[in-house]
Each structure stands twice: as C-alpha cells, then as structure tokens.
Amino acid sequence: MIATTRRTFLLGSAGLLVLTACGGADGSGAGAGSQRPPGPLGMSAIPDQDPELLNRLYPVVAKRFAGDTGLQVVYRPVTDYTAVVRAFEIGDIQLAWMGGLTGVQARARVPGASAIAQRDIDADFHSLFIAAKSSGLAPFADTAGLKSLAGHTLTFGSQTSTSGRLMPQYFMKQGGLDASDLKGKPGFSGSHDATIEAVASGSFEVGAVNEQVWKATVAAGKVDLGKVVILWRTPGYADYHWLARPDLDQTFGAGTTGKITNLLLGLDATKPDDAAILKLFGARSFIGTKNANYDQIEAVAKEQGLLA
C-alpha cells in the first residue's frame with residue numbers, strides 16, 4: 001500500500017519542472033561576466049524521503065541558488081537514486097544532493113566532479129537498526145550484537161543508499177551476520193521513511209535507517225514508539241553532500257561553483273530565511289567537504305560490488 005502510493009506520486013512528478021526560479025533584475029539569467037547559458041542550471045537530489053517533503057524543500061533551495069547566482073535554476077525530481085546519478089552523468093543536472101555512495105558512483109562516471117559542501121551532521125553520520133517490539137529483539141551495544149538478527153526479516157532502504165544499505169551491510173559483515181542468516185532475503189523499501197513504516201506496520205521485523213530521518217520522523221510524531229525500538233547506533237561515517245559537475249563554471253560562467261559553495265557555507269541559522277532552509281535539511285549549518293572524505297565509502301562500495 002505504501003509502495004503503491006509512493007510510486008504513483010513519483011511517476012506523476014517525474015520529469016515535471018517543479019520550479020523555474022529566475023534571478024537577476026533583467027531576467028536575462030546570465031551569470032556575471034559570462035555569455036547567456038544554453039539553458040537553466042539543473043539540480044536534483046536522491047529521493048531518500050517522502051517526495052512531498054522533498055518537493056517542499058528543493059524548490060526553496062533552487063530559488064535561493066537562483067538569487068545568489070543570477071541564473072535560471074530548476075529542480076528536477078527523479079524516481080530513484082540511480083536516476084540522479086544518470087542525470088548527473090549526462091549533464092541534465094549540474095548540481096546534486098547525493099548520498100555518500102551515489103556521490104562516489106557519480107564521480108566515477110564524471111571525472112573531475114567535486115564534493116563541495118555537506119551538513120554539519122554528515123561528517124559523522126550514523127545509521128540505526130530498528131525493530132518491531134513484537135520481534136522480541138533487544139538493544140545491543142556493539143557489532144557483535146548484530147548476530148541476534150539471525151532468523152528475523154530485515155529491510156534496507158534504497159539499494160544504493162549509504163545509510164540505508166551500504167554501511168549497515170558493512171557493519172553486519174563486521175559483526176559476523178550474513179544476509180543468508182536472515183529470515184528470507186533482505187527487502188528494499190526504497191527510502192528511509194518507508195523503512196520506518198515497514199517496521200512499524202510489522203511488514204519487516206528489522207530495518208536499517210538513517211539517524212537523521214529517524215529523528216525527524218519521531219519529532220513529527222509519525223512513529224509509534226510503543227511499537228518500534230532502536231536496537232543499535234552504528235559508528236560514524238561521511239555521508240550526504242552537494243556534488244558539482246566539473247563543467248559548471250564553463251557552462252554557466254566563471255565563479256558559479258564558488259558562488260553556490262559560498263551560499264551554502266554562509267547560511268546563517270540566526271536569519272529566518274536561512275534558518276528555514278537549514279531546518280528543512282535537518283542541519284545547523286553547511287561545512288566544506290572534499291572528495292577524499294568519501295574514500296571509506298568508495299572502498300566499501302568496491303568491496304560490495306556497488307561501484308561500476
């Protein structure tokens with residue numbers, strides 16, 4: 001039921017131009033010191049949460065990007081993680097909010113692409129293993145406790161989610177739990193909030209979910225804590241970030257990458273407009289990052305055969 005609703009919404013929104021934000025008083029859309037660009041600057045994001053939430057968040061971001069660069073900026077929603085990587089590869093989008101794994105995958109296909117900024121929480125990100133209380137599972141303190149999941153059903157998020165699949169699977173291996181030890185094959189819910197719903201509803205006994213989405217869902221009162229319990233919080237790792245194509249400045253004018261980076265790093269939580277954006281991202285601020293911060297993710301992705 002959940003999957004059908006989400007799929008219907010995504011198919012209905014895929015390919016639609018959610019927002020075209022035109023910057024500059026003359027409406028030319030051209031960056032300072034550049035020729036008129038061939039088209040709007042496209043941005044997108046991995047669909048890791050409820051699409052209704054994402055469609056509130058990213059048009060606001062696109063409008064802000066437009067205002068600070070003087071360019072026409074559009075947000076292009078996509079149906080799944082793979083579609084974001086593909087759109088970035090072929091140049092349909094020039095900026096993308098990626099997870100650790102999808103960022104590594106995109107950089108493998110677009111040499112020279114750069115991670116430019118991440119949230120303050122992304123330098124030390126965590127996944128959670130959660131369970132239905134009816135499963136009888138109890139919280140544990142370290143990776144060895146993952147063996148207790150043997151014989152239970154488990155769902156990840158998207159197949160290429162860093163926090164919903166890649167790193168949880170990595171820690172399962174570290175803890176001596178193989179997928180074959182579970183009851184049936186692992187599921188893939190498609191997103192973090194869908195994982196929470198699947199565990200709360202009893203469709204799966206255990207789920208791997210990103211901590212930030214869990215906290216936001218709990219804060220919104222959308223989780224019955226009488227039915228779901230946190231089993232374990234993983235060690236930290238680098239995750240989400242903004243990724244820029246290497247031809248961004250060449251296409252849209254010198255300094256475009258710098259303007260967007262400075263905008264993100266300069267968001268000030270004491271200013272209402274900035275605070276609204278930071279709240280939507282679940283962050284206190286954005287900080288600089290670089291490709292090397294995702295070396296661990298790249299190594300794990302290669303180990304799991306998820307890096308083509």
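Basis for what follows: all heavy atoms, side chains included, without hydrogens, waters or symmetry-related copies. Heads up: numbering here begins at 1 and tracks the sequence.
Residues satisfying the side-chain contact (heavy atoms from CB on, under 4.5 Å) criterion with Ala123, sequence neighbours excluded, are Gln118, Ile287. Partners of Phe156 by ring-ring contact (aromatic ring centres under 6.0 Å, His included), not counting sequence neighbours, listed by chain and number: Phe188. Qualifying side-chain contact (heavy atoms from CB on, under 4.5 Å) partners for Glu89, counting only residues two or more places apart in sequence or in other chains: Arg86, Arg109, Val110. Thr162 meets the side chain to side chain donor-acceptor pair (under 3.5 Å) test with no other residue; sequence neighbours excluded. Residues satisfying the side chain to side chain donor-acceptor pair (under 3.5 Å) criterion with Asp142, sequence neighbours excluded, are absent altogether. For Ser161, there are no side chain to side chain donor-acceptor pair (under 3.5 Å) partners, not counting sequence neighbours. Under the rule for a ring-ring contact (aromatic ring centres under 6.0 Å, His included), Tyr237 has no partner lying at least two apart in sequence or in another chain. The side chain to side chain donor-acceptor pair (under 3.5 Å) test applied to Ser180 returns Asp178, not counting sequence neighbours. Checked against ring-ring contact (aromatic ring centres under 6.0 Å, His included), Tyr294 has the following partners two or more places apart in sequence or in another chain: His241.
Clustering of Ile, Leu, Val, Met, Phe, Trp and Tyr by side-chain heavy atoms under 4.5 Å joins Leu225 with Leu128, Ile130, Ile196, Val199, Val209, Val213, Trp214, Val218, Val223, Val228, Ile230.
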Side-chain donor-acceptor pairs of residues 167-176 under 3.5 Å, sequence neighbours excluded:
residue	atom	partner	partner atom	Å
Gln169	OE1	Arg165	NE	2.8
Lys173	NZ	Glu303	OE2	3.3

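Closest of all the heavy-atom pairs between Ala208 and Phe129 is CB-CE2, 4.3 Å. Contact record, Ala108 with Leu307: CB-CD1, 4.1 Å, taken as the closest heavy-atom pair.
A salt bridge does not link Arg56 to Glu52: none of the charged side-chain nitrogens sits closer than 4.0 Å to a carboxylate oxygen. Taking the charged nitrogens against the carboxylate oxygens, Asp120 and Arg284 do have a contact shorter than 4.0 Å, which makes a salt bridge. A salt bridge is absent between Lys271 and Asp273; no separation between the charged side-chain nitrogens and carboxylate oxygens falls under 4.0 Å.
For the pair Asp122 (side chain) and Arg119 (backbone), a donor-acceptor distance under 3.5 Å is present. Remark: side-chain polar atoms of Asp80 are not paired, donor with acceptor, to backbone N or O of Gly190 under 3.5 angstrom.
Looking at Thr257 and Asp249, their side chains do bring a donor and an acceptor atom within 3.5 Å of each other. In this model, a donor atom of one side chain and an acceptor atom of the other lie less than 3.5 Å apart for Tyr240 and Asn210.
A centroid separation of less than 6.0 Å is found between the aromatic rings of Trp242 and Phe65.
Among pairs with a residue in residues 220-233, those fulfilling side-chain hydrogen bond (donor to acceptor under 3.5 Å, both in side chains) read His126-Arg233, Glu211-Arg233, at least two apart in sequence or across chains.
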